[in-house]
Amino acid sequence: MDRSPWKVLLVDDEQQFVSTLAERLELRGIAARVAYNGDQALEAVEIEAPNIIVLDVIMPGMKGLEVLRHVKAKHPEVQVILLTGQGATRDGIEGMRLGAFDYMIKPLDIEALVEKMEEAYNVALQARTME
């Protein structure tokens, strides 16, 4: 699958983690922008709405679920994959209720994330063609 049209935004306050994740995705042909907090994420979405957001749930300041609410209110076609820590499954389930595409538990398996992103991209494409 050609991944060049994917518009991906990675949001996590752990800068080393998110930078490494962006590099690992780049090696797989997926270009991603990075935001380190909820405010930066919302700014990035307004500048160029992504197809997919990979969003950490636990961040200082604006939490991931709050970012999800804002994104889904203005851009319901954007597919959000939540990242939760061990034992934070409740946050993932709440996120699904709020419109997240899915959630994954850290530490991530990069291949599983790419597969999930491919599924999310296909849903995002369908949502855009229905507009």
Under a single-linkage definition using a 4.5 Å side-chain heavy-atom cutoff for Ile, Leu, Val, Met, Phe, Trp and Tyr, are [X] and [Y] assigned to the same hydrophobic cluster?
{"X": "Leu21", "Y": "Phe101", "answer": "yes"}
{"X": "Val34", "Y": "Ile81", "answer": "yes"}
{"X": "Leu125", "Y": "Ile53", "answer": "no"}
{"X": "Trp6", "Y": "Met104", "answer": "yes"}
{"X": "Ile30", "Y": "Val45", "answer": "no"}

So does [Y] get a backbone contact from the side chain of [X], meaning a donor-acceptor N/O pair under 3.5 Å?
{"X": "Arg33", "Y": "Ala44", "result": "yes"}
{"X": "Glu66", "Y": "Met62", "result": "no"}
{"X": "Lys72", "Y": "Val78", "result": "yes"}
{"X": "Gln79", "Y": "Glu77", "result": "yes"}
{"X": "Arg97", "Y": "Ile93", "result": "no"}
{"X": "Asp56", "Y": "Val11", "result": "no"}

Practice item. With side chain to side chain contact (heavy atoms under 4.5 Å, CB included) as the test, would you mind laying out the steps for Ile52 and Lys7 before giving the verdict? Key: CA-CA 6 Å; Ile52 304 162; Lys7 294 182 204 168; over 6 Å; no
Closest approach of [X] to [Y] (non-hydrogen atoms, all atoms of both residues):
{"X": "Ala35", "Y": "Ala41", "result": "CB-N, 3.7 Å"}
{"X": "Arg28", "Y": "Val114", "result": "CD-CG2, 3.8 Å"}
{"X": "Leu68", "Y": "Gly99", "result": "CD1-C, 4.5 Å"}
{"X": "Asp13", "Y": "Ile58", "result": "OD1-O, 3.4 Å"}
{"X": "Met96", "Y": "Asp102", "result": "SD-CA, 3.2 Å"}

Roughly how far apart are [X] [atom1] and [Y] [atom2], rounded to 0.5 Å?
{"X": "Glu43", "Y": "Leu9", "atom1": "CD", "atom2": "CG", "value": "11.5 Å"}
{"X": "Glu14", "Y": "Tyr36", "atom1": "CD", "atom2": "OH", "value": "12.5 Å"}
{"X": "Leu98", "Y": "Glu94", "atom1": "CG", "atom2": "CD", "value": "4.5 Å"}
{"X": "Asn122", "Y": "Met1", "atom1": "CG", "atom2": "CE", "value": "4.5 Å"}
{"X": "Leu108", "Y": "Lys116", "atom1": "CG", "atom2": "NZ", "value": "11.5 Å"}
{"X": "Leu10", "Y": "Leu25", "atom1": "CG", "atom2": "CG", "value": "6.0 Å"}

Point to revise | No-hydrogen, no-angle side-chain donor-acceptor test under 3.5 Å, Ser19 and Glu23 | key: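 No, because no side-chain N or O of Ser19 sits under 3.5 Å from a partner of the opposite role on Glu23.
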**Study point:** Stepwise side chain to side chain contact (heavy atoms under 4.5 Å, CB included) test for Leu82 and Leu65
**Key:** CA-CA 9 Å; Leu82 296 173; Leu65 293 181; 3.9 Å; yes
Review point. Would one find more than 12 heavy atoms of other residues, nucleotides or ligands at under 6.0 Å from atom CD of Glu46?
Key: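 Yes, the 6.0 Å shell around CD holds more than 12 heavy atoms from other groups.
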Check your understanding: Between Thr20 and Arg24, is any pair of side-chain heavy atoms under 4.5 Å apart?
Key ->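 Sidechains of Arg24 and Thr20: in contact.
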